[in-house]
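What follows is a single structure, written as C-alpha cells, with notes after it.
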Amino acid sequence: MGIFVPKNQFVMDIIVRKTYLSHIISHLNRGMMIILVGQRRVGKSFMLRQLRGWLEENHRGANVVYVNKELMEFDSITDARGLYDYVAPKFASEGDNYLLIDEVQDIDGYEDALRSLHAEDRCQIVATGSNAYVFSSELSTRLGGRYVEIPIYGLSYSEFLEFHGLPDSGESLNDYLRVGGLPGLRLYDIRDEIHVRDYLQGVYNTIMMRDVVAREQIRNVPFIENLSRFIADNDGKLISTASIVKFMKSQGEKVSDAVTSAYITHLCKALIINPVARYDIHGKRLFEQIFKYYFADHGLRNYLCGFNLRGSIEKVMENVVYLHLLTQGYRINVGILRAGEIDFVATKGNRTIYVQVTYLLGSEETIEREFGNLAAIKDNYPKYVVSMDPVSGDLPAYPGIRHLHLRTFLQTDF
C-alpha cells in the first residue's frame, strides 16, 4: 500500500461554508457585535478567515484588523487594556472598520475592551470563542443586548462529502459515522485509523487541558477523564448524577454528587457535550433533573470508545441526527409519553418535528415501538422514523409517518 501524502494546508483550496458565511454577513453593520461560538477545531477560525476574504473582496475600502490568540504574534495581548491599545490605533478615521478576534476568551477581561469599542462605535466586532460560559455569563452580564451569537458546528454529512471529495454512498456514510465532522481531518486519509485517532486525540487533549482542566482548575483529572468516557459510552441514554456516582463507586472511585454535577457542567461549558432535557409531550412541560448527552463531534465520542462501533451504531446514529437538527436551528428535547419515549422533539419558531432513530426495523416489536410511539402523538406535526434499512419508505399501517434512510435524512432540510 502506498504512503498517503496529506494536502498542504497552506496551499489547499479553502472550501467556503456558504450557509454560515451568509448568516454572518447578514448581521454585519447592524449595530451588534457578532460572536461565533463552538467547540475547538470545528472551523471557527476558517470562518473568520473566510469573512476576512469576503470583506477584502467585496468592501475594498474596508479596514480589517485581525487578532488570532492562537498565534505567537499576538501573545503580548493578555488583557482588555492590551487588546484595546493594540487595535484602537489601527482603525481608520474614515470608512468602515472591522475587528476580527479569534479565541477571544484567552484575553482576560476581553469583554471590557469589546464594550468600550462598541460604545465608541469604532468598528464592527466579530469574535470567536470555545467556551459556552464566556457567552452565557460573562458577555450577557457585560454586553447584554449588544451581541448576536452564531453557533458553529462540525461538518454536516453533505459538507463532509464536499470536504473529502466523496460520493454519496453507504461507504461514505460509514466514514462519516466513524470519524466525525471536524474539518481538520480533510488533511488526512480518513480511512487510516491510526492517523484519525492521533488527530482526534490531539483535539480532545487540547480541549480538556485548555478549556476544562486549566480554565476550571480541575483537581481530580483522572475522574473527569473517566467521566468523559462514561458519557461517551452512554451517548444518548438518560443519565442522572446519582447514576454516575453509583457506577463510579462500583468501580472503586469515590466521588460526590456535587463534584460530579460540577464536572459535567464543565464539559458542557467546553462544548464537548450538549445536554438534552426531557419534555412531556402531553403535559407540555420540561423535566430538568435527568438528561441525555450528545457529543458536539461524534468522532471524539468514538475516539473515547476506542472506535469500536459494534453495539454502538445506534448511539452514533442518534448523535448525528441530533447534530443535523441542531445545525438547522432547532431546539431539541427528548419526548416523554405515557406509552414510551420519542428520541427527538425538535422545535423552531412555530414548527415542530418528531424523530425516532433505530438501526434496523428488524422485528414487529421494533416497528411497533418506533412507529407506535409516534402514532400516539395526536397532532399534525411531521413525524419521522430514521433507520439504516436498505429499503425505506412509509408503512401503510402507520399513515402520516415518514420512514427515511439515514443518508436521506442527513441531506434533507427540515
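- Residue pairs satisfying the ring-ring contact (aromatic ring centres under 6.0 Å, His included) criterion with at least one member in residues 206-228, sequence neighbours excluded, are listed as follows: Phe223-Tyr263.
- The only option from Leu99, Val126, Leu114 that meets the side chain to side chain contact (heavy atoms under 4.5 Å, CB included) definition with Met33 turns out to be Leu114.
- In this structure, the side chain of Lys348 engages the main chain of Gln328 through a donor-acceptor pair within 3.5 Å.
- Remark: Lys292 is not positioned above the aromatic ring of Tyr294, lacking an NZ or CZ atom under 6.0 angstrom from the ring centre and at most 45 degrees off the axis.
- For Glu94, the CD atom sits in a loose shell: 12 or fewer heavy atoms of surrounding residues, nucleotides or ligands are nearer than 6.0 Å.
- Looking at Tyr354 and Asp379, their side chains do bring a donor and an acceptor atom within 3.5 Å of each other.
- Pairs engaging residues 237-246 under the side-chain hydrogen bond (donor to acceptor under 3.5 Å, both in side chains) rule: Ser240-Ser243 [sequence neighbours left out].
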### Query
Under the ring-ring contact (aromatic ring centres under 6.0 Å, His included) criterion, do Tyr153 and Tyr20 qualify, and how do the steps go?
CA-CA 10 Å; Tyr153 303 105; Tyr20 285 119; 7.0 Å; no

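- Asp79 contributes a side-chain N or O that, together with a main-chain N or O of Gly82, makes up a donor-acceptor pair within less than 3.5 Å.
- Side-chain contact between Asn274 and Ile332 is absent, with no heavy atoms from C-beta onward closer than 4.5 Å.
- Contact check for Leu83 versus Ile101: side-chain heavy atoms found under the 4.5 Å cut-off.
- Judged as a ring-ring contact (aromatic ring centres under 6.0 Å, His included), and not counting sequence neighbours, the contacts of Tyr303 are Tyr204.
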### Task
I would like to know whether Glu171 and Arg191 meet salt bridge (Lys or Arg N to Asp or Glu O under 4.0 Å); could you show each step before the answer?
CA-CA 11 Å; Glu171 186 177 24; Arg191 289 167 187 167; 3.6 Å; yes

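- Looking at Asn97, its side chain does come within 3.5 Å of a backbone N or O of Ala92 through a donor-acceptor pair.
- Summarising the geometry, atom CG belonging to Leu100 is positioned 10.0 Å from atom OG1 belonging to Thr128; distances are rounded to the nearest 0.5 Å.
- Side-chain contact annotation: Asp343 with Tyr384, donor-acceptor N/O pair under 3.5 Å absent.
- Contact annotation: the side chain of Phe409 approaches that of Leu325 to within less than 4.5 Å [non-hydrogen atoms, C-beta and beyond].
- For His324 and Ser156, the side-chain atoms include no donor-acceptor pair closer than 3.5 Å.
- In the displayed structure, Arg351 atom CZ is contacted under 6.0 Å by more than 12 heavy atoms of other residues, nucleotides or ligands.
- Arg52 pairs by the salt bridge (charged side-chain N to carboxylate O under 4.0 Å, His left out) definition with Glu56, not counting sequence neighbours.
- Counted by atom type alone, Glu370 and Thr366 present zero donor-acceptor pairs between their side chains at under 3.5 Å.
- One finds the OH atom of Tyr381 at 9.5 Å from the OG1 atom of Thr347 (value rounded to the nearest 0.5 Å).
- Here the side chains of Tyr279 and Ile336 are not in contact, with every heavy-atom distance at 4.5 Å or above.
- Once rounded to the nearest 0.5 Å, the distance linking OG1 of Thr327 with CG of Leu410 reads 9.0 Å.
- A 6.0 Å sphere centred on CZ of Arg229 holds more than 12 heavy atoms belonging to other residues, nucleotides or ligands.
- Applying the ring-ring contact (aromatic ring centres under 6.0 Å, His included) test to residues at least two apart or on different chains, the pairs with a partner in residues 21-43 are His23-His27.
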Would you be so kind as to tabulate the donor-acceptor pairs closer than 3.5 Å made by side chains of residues 39-49, with sequence neighbours excluded?
| from | atom 1 | to | atom 2 | distance (Å) |
| --- | --- | --- | --- | --- |
| Arg40 | NE | Asp211 | OD1 | 3.3 |
| Arg40 | NE | Asp211 | OD2 | 2.6 |
| Arg40 | NH1 | Glu70 | OE2 | 3.1 |
| Arg40 | NH2 | Asp211 | OD1 | 3.0 |
| Lys44 | NZ | Gly38 | O | 3.0 |
| Lys44 | NZ | Gln39 | O | 3.1 |
| Lys44 | NZ | Ser130 | OG | 3.1 |
| Ser45 | OG | Asp102 | OD1 | 3.4 |
| Ser45 | OG | Asp102 | OD2 | 2.4 |

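- Side-chain N/O atoms of Tyr157 and Asp168 include a donor and acceptor closer than 3.5 Å.
- Counting heavy-atom neighbours within 6.0 Å of Tyr359 OH, excluding the residue itself, gives a total of 12 or less.
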